[in-house]
Amino acid sequence: MEIKEVIDYLKAYDGPEIKLMEVCGTHTASIFKNGIRSLISPRIKLISGPGCPVCVTPTAYIDKCIEYAQKENHVLLTFGDMMKVPGTEGSLSDMKGKGAKVELMYSPFEAVEKAQADPGTTYVIAAVGFETTAPAYALMMQQALEKGVKNIRLVTALKTVIPALTWICENQKDIDGFICPGHVSVIIGSKPYEQLAEKYGKPFVVAGFEAEHILAVIYDIVRQLEKKEAKVKNLYTNAVRDEGNAKALAVLETYFKPGPAMWRGLGIIPDSGLYLKDDFYDGGSRGLVKDMELPEGCRCGDVIVGKINPDQCPMFKTQCSPMKPFGPCMVSAEGACGIWYRNK
Ligand code: SF4
């Protein structure tokens with residue numbers, strides 16, 4: 001089918017209102033960049049999901065990272081997007097300004113080099129992300145063990161997407177279908193969505209990131225809903241295999257095991273966190289459940305689960321902006337509020 005026919009069909013859609021969740025922040029950004037909403041009927045609503053790992057990281061995790069950064073002979077290594085996420089007393093950026101030892105990393109493997117060069121210091125890595133980034137931490141662990149590096153610890157807030165989607169299916173019953181995350185699906189494949197499609201009777205379709213990929217997936221889900229189907233489909237076949245990336249899954253299995261994890265806005269979800277099997281290298285990642293009260297008026301909790309769009313929050317573009325974020329969804333480049341701010 002030609003893309004023009006797809007757009008014509010979606011533009012003319014006049015059936016019951018449909019709510020589709022795009023789980024991944026990169027899809028949210030692409031939907032804006034390509035003006036996808038202007039190409040489809042207003043009766044097809046696109047809702048952003050919890051696909052920003054930084055936005056769902058709880059306060060207790062930030063506090064733990066800060067604790068290490070302030071500890072003698074310790075250095076906290078993090079990616080830049082964690083720097084402004086608020087903890088109880090402030091962010092990593094605030095604490096760095098007050099002398100805490102926080103260094104930016106561009107790859108987890110830097111930690112091994114730094115730890116080898118400086119054995120008197122313990123390098124603590126803030127490991128945050130979904131299945132997309134988790135294998136890099138597993139490979140880093142492999143490298144640290146092979147080289148006998150002992151002065152490394154991981155504080156993990158690594159999360160897995162299927163338990164979160166299960167939570168959404170249980171609690172947000174008005175979502176009609178899911179645009180499954182492309183990058184995560186490269187690792188896990190399309191098969192894990194089958195249990196969800198079967199149990200909840202909703203379509204799950206894996207999408208790439210170009211405009212025509214996303215439009216094709218929306219079209220597929222709309223057609224499935226019209227035919228009362230609930231299938232899993234992989235429309236990103238040049239990157240995603242049904243069974244995923246076997247090597248990445250094997251290395252994850254070797255070094256990590258699942259456990260309960262706190263998602264800001266959703267609460268504690270069983271088996272949604274990844275924790276090191278080797279306790280020696282774990283920096284106290286379990287039980288970091290305490291979360292901040294969201295600032296009064298901030299509706300991040302509703303944004304993350306797709307109950308509202310960011311522009312329905314009264315703070316959006318008034319008191320809340322990427323320069324002066326009021327809530328966590330405005331902090332990260334992948335956060336729904338930040339993406340809506342930059343594009344709307
Ligand atoms: Fe929170 Fe700001 Fe988003 Fe409103 S716009 S939900 S205050 S992050």
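We count ligands from 1, going down the list as the structure has it; atoms in each ligand are counted the same way. Sequence positions, counted from 1, serve as the residue numbers for this chain.
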(request) Mind listing the protein N/O/S atoms less than 2.8 Å away from atom 4 (Fe) of ligand 1? Waters don't count. (result) Cys313 SG

(request) State, without any angle test, whether Thr121 and Asn73 hold a side-chain donor-acceptor pair at a distance under 3.5 Å. (result) no

(request) Any side chain to side chain donor-acceptor pair (under 3.5 Å) involving residues 209-230? Give me the pairs, sequence neighbours left out, ordered by first then second residue. (result) Tyr9-Arg223, Tyr9-Glu226, Asp220-Gln224, Asp220-Lys233, Arg223-Glu226

(request) For Tyr123 and Asp118, test the side chains for any donor-to-acceptor distance below 3.5 angstrom and give the result as yes or no. (result) yes

(message) With ring pair (Phe, Tyr, Trp, His ring centres under 6.0 Å) as the criterion, how do Phe32 and Trp340 come out once you've worked through the C-alpha distance, each side chain's angles and the decisive distance to 0.1 Å?
(response) CA-CA 8 Å; Phe32 273 109; Trp340 278 64; 4.9 Å; yes

(request) Indicate whether the side chain of Glu131 and that of Thr160 have a donor and an acceptor atom separated by less than 3.5 Å. (result) no

(request) Please say whether the positively charged group of Lys317, taken as NZ for Lys or CZ for Arg, lies over the ring of Tyr341, i.e. under 6.0 angstrom from the six-membered ring centre and within 45 degrees of the axis. (result) yes

